[in-house]
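Below: one structure, written as structure tokens.
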Protein chains: 2
Amino acid sequence: MVTIQEQIVDPTACCTLDISGAEQERMVAMFKALGNPTRFEIMKYLVTHPACITGDIVEFLPIAQATVSQHLKVLREAGWITGVTEGPATCYGLHKENIAWFKDKVGEIF
Amino acid sequence: MVTIQEQIVDPTACCTLDISGAEQERMVAMFKALGNPTRFEIMKYLVTHPACITGDIVEFLPIAQATVSQHLKVLREAGWITGVTEGPATCYGLHKENIAWFKDKVGEIF
DNA sequence: TATTCGTATCGTAAAAATATGATAAAGGAA
DNA sequence: TTCCTTTATCATATTTTTACGATACGAATA
């Protein structure tokens, strides 16, 4: 019996991209956020500097504080990083669960 | 002996993001290209419709032909797809080698 | 309370992305 | 050759992104 759920899949295809709806939107948003050189650098910085504050990243990058803050917001909203208020500062770190989800999904659909 | 190549790596870190230079640029470009809902849909379409032409994708998507052509150009320049002239048309397909590279790299660095 | 520190947000300007209709160019058919 | 088909590119408008200085706000300090 053929149901609406079935799909004809090319056995020679190099990937399935079997994702849709909210998961696809989440995926696209994560792709978009990391598709920027500065934000990729911020992610790399967080690997070697876990639990750092905004000022550390501002020192590291050659751009204005306001711009760094904006990039951090984009990364946080896409789920790549976490930001926790610690007194007057904000402590940033990699969002392990979401990163693991992304890695797993890429492994699944590509 | 400590050399310039050595890096202090946090063993609890969830990823290494150990990539740089041209490979990092290539990675960011691929992220950027797929960080768009329409282009992601085009990629999904190509999975189920290997070796299709521009007109097929134009029929499938609710956007103008010129816009589809631009999106195809972005995907091609980022390395996600191939485009081969076949008579008056252009035959598009997934770029298997580059997709495999992307998948492998994501598995390595995340 | 007044001040300083750290950072997010506001207002704005410039650059890039997205979208469209019109056009051009190239291949095949009449 | 002339016409039709197909698609890329052009010119352009709109939206979004990126960047900055200025400002506001909360937390800690004097």
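Computed over heavy atoms, backbone and side chain alike; hydrogens, waters and symmetry mates excluded. Please read these numbers as outputs of a predicted model, since none were measured by experiment. Per chain, numbering begins at 1; letters A, B, ... match sequence-line order.
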Please name all residues satisfying ring pair (Phe, Tyr, Trp, His ring centres under 6.0 Å) with B:Phe102, sequence neighbours left out, ordered by chain then number.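 Scan of B:Phe102 (ring pair (Phe, Tyr, Trp, His ring centres under 6.0 Å), adjacent residues dropped) gives A:Phe31, A:Phe110, B:Phe31, B:Trp80.
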Encode nucleotides 4-9 of chain D as B, S and - characters from 5' to 3', where the letter depends on protein heavy atoms closer than 4.0 Å: B to the base, S only to sugar-phosphate, - to neither. --BBBB
Name all pairs fulfilling the salt bridge (charged side-chain N to carboxylate O under 4.0 Å, His left out) condition that reach into residues 97-110 of chain A, sequence neighbours left out, sorted by first residue then second. A:Glu23-A:Lys105, A:Lys105-A:Glu108
ring-ring contact (aromatic ring centres under 6.0 Å, His included): pairs with one or both residues in residues 53-78 of chain A, sequence neighbours excluded: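 Matches after skipping sequence neighbours: A:Tyr45-A:Phe60.
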Pairwise side-chain hydrogen bond (donor to acceptor under 3.5 Å, both in side chains) hits with a residue in residues 49-58 of chain A, at least two apart: none
Transitive ILVMFWY side-chain link B:Leu46 to B:Leu61, under 4.5 Å: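 B:Leu46 clusters together with B:Leu61.
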Side chain A:Arg39, main chain A:Ala33, donor-acceptor under 3.5 Å: yes
Rounded distance (nearest 0.5 Å) linking atom OG1 of A:Thr82 with atom CZ of A:Arg76: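 Reported value, rounded in 0.5 Å steps: 9.5 Å.
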Could you state the CD1-P distance from A:Ile63 to D:dT17, rounded to the nearest angstrom? 16 Å
Is there side-chain contact between A:Leu94 and A:Pro50, with heavy atoms separated by less than 4.5 Å? no
Restricting to side chain to side chain donor-acceptor pair (under 3.5 Å), what partner residues turn up for B:Glu77, sequence neighbours left out? none
Contacts of B:Glu41 that satisfy side chain to side chain donor-acceptor pair (under 3.5 Å) - sequence neighbours left out: A:Gln24
Stretch residues 19-41 of chain A: residues that reach within less than 4.0 Å of DNA chain C through a heavy atom: none
Opening and closing nucleotides of DNA chain C in contact with chain B, under 4.0 Å to non-hydrogen atoms: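 The contacted stretch runs from C:dA17 to C:dG28.
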